[in-house]
Each structure stands twice: as structure tokens, then as C-alpha cells.
Amino acid sequence: MPEQERTAWVWLVSLLVFPTAYFVGTMGYADLGNGFDLQRLSRLALSLSLMAIAWIGVWIFNRKTAGQWQSAFSDERDQQIESKATAAAYHVLLAGTIVVGFVMPFSANKWEMVDATFFFVVLAEITHCVLVIHAYRRGIRD
């Protein structure tokens, strides 16, 4: 399995597990008004920290299995897969930015906007990972 596909699998699993735990844990959570909500912020920080640990772990594993601490050489196929997946993820993130930046400020509170932003970033990354995995499994389709 290529290291890009392995990385995409690990990142996809961490994107499905940790943010889901955060969103389920904060579901029905009442906003306390204008006060600083340390408990909710700590849940978000824990989710992001666990995702970072998963990312660093797969990076170290990829470097160890490659037998070197340098970045692996990527050919044209790898670059094309990355380019197509990044372009699609960018469009998802752009749509989320429009919703959060232009629609939600008129009706949502601050934590709804933070959660929606986090959701769209996670959705864009999931899109990227799924497209990378699909391209390595099924090939590139133009």
C-alpha cells in the first residue's frame, strides 16, 4: 500500500472518530451566553489534539517503513491524485466558508459558528481522503 493511501486511511478513520465524538458529546449542549466556555473549548482541543497525534503517528510510521527520514518521491500519478483530491476538497471548504461567513452570522451564536466551521473543515478533509483512497484503489478517472 502506498504511503499516501495509508496516510489517507489513518486520517479518514481519525476524522470519522474524533470529531464525531466531539459533536456527539456537545449535542444538546446549552450555550451559556457570552461567558467563556472552557469545558466546550477543552473538548474541541482534545479532539484536535488526538487528530494531530494520529497524523504524527502515521507520518513517523511511513518514514520508518520507508527506511529514511526524507519525504518519499512522488511520481506524476501521485501528484495528479493529490491535485484532483485537493481541488474537490477546496470546493467543499469554499461552500462551507460561504455558509459560515455569509449566512450564519445573521442567525447563529458563536459556538454554532465554531462547530459549523469545524464540521466543514472535517468534511473537506474527508472528501480529500475518500478521493485519494478511491484513486489508489480504482485508478484515476478523467
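Side chains are part of it too, since the values below use all heavy atoms of this structure and drop only hydrogens, waters and symmetry mates.
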Student check: side-chain heavy atoms of Thr97 and Phe120 closer than 4.5 Å: no
Side-chain (Gln80) to main-chain (Arg77) donor-acceptor, under 3.5 angstrom: no
Joint cluster assignment, Leu94 & Leu123, ILVMFWY side-chain distance < 4.5 Å: no
Thr65 side chain to Asn62 backbone, donor-acceptor under 3.5 Å: yes
Co-membership, hydrophobic cluster, residues Leu46 and Val114, 4.5 Å side-chain: yes
Transitive ILVMFWY side-chain link Val17 to Ile133, under 4.5 Å: yes
Connected via hydrophobic side-chain network under 4.5 Å: Leu93 and Phe118: no
Close side-chain approach of Glu112 to Ser107, heavy-atom, < 4.5 Å: no
Minimum side-chain heavy-atom gap Trp11-Val58 below 4.5 Å: no
Working for side-chain contact (heavy atoms from CB on, under 4.5 Å), residues Glu3 and Phe61: CA-CA 9 Å; Glu3 83 172 50; Phe61 180 79; over 6 Å; no
NE2-SG distance between His134 and Cys129, expressed to the nearest 0.5 angstrom: 14.5 Å
His91 side-chain N/O to Ala87 backbone N/O, donor-acceptor pair under 3.5 Å: yes
Point-to-point distance, once rounded to the nearest 0.5 Å, from CG of Leu12 to OG1 of Thr7: 12.0 Å
Polar side-chain atom of Ser42 near backbone of Gln39 as donor-acceptor pair, under 3.5 Å: yes
Linked, directly or transitively: Val99 and Phe119 (ILVMFWY side chains, under 4.5 Å): yes
side-chain contact (heavy atoms from CB on, under 4.5 Å), paired with Phe18, selected from Ile53, Leu50, Val122, Val13: Leu50
For the student: nearest non-hydrogen atoms of Val132 and Ala8, plus distance: CG1-CB, 3.9 Å
Beyond-backbone contact of Tyr22 with Leu48, side-chain heavy atoms, under 4.5 angstrom: no
Side-chain (Ser47) to main-chain (Arg43) donor-acceptor, under 3.5 angstrom: no
Smallest separation among heavy atoms of Pro19 and Ser14, with atom names: CD-O, 3.3 Å
pair Ile81-Gln4: side-chain heavy atoms closer than 4.5 Å: no
Note, Glu82 side chain near Gln79 side chain (heavy atom, < 4.5 Å): no
Side-chain touch Lys84/Leu131, heavy atoms, less than 4.5 angstrom: no
Chi angles and distances behind the side-chain contact (heavy atoms from CB on, under 4.5 Å) call for Trp111, Leu41: CA-CA 10 Å; Trp111 278 109; Leu41 186 62; 4.2 Å; yes
Check: Asp78 and Tyr136 side chains under 4.5 Å, non-hydrogen atoms: yes
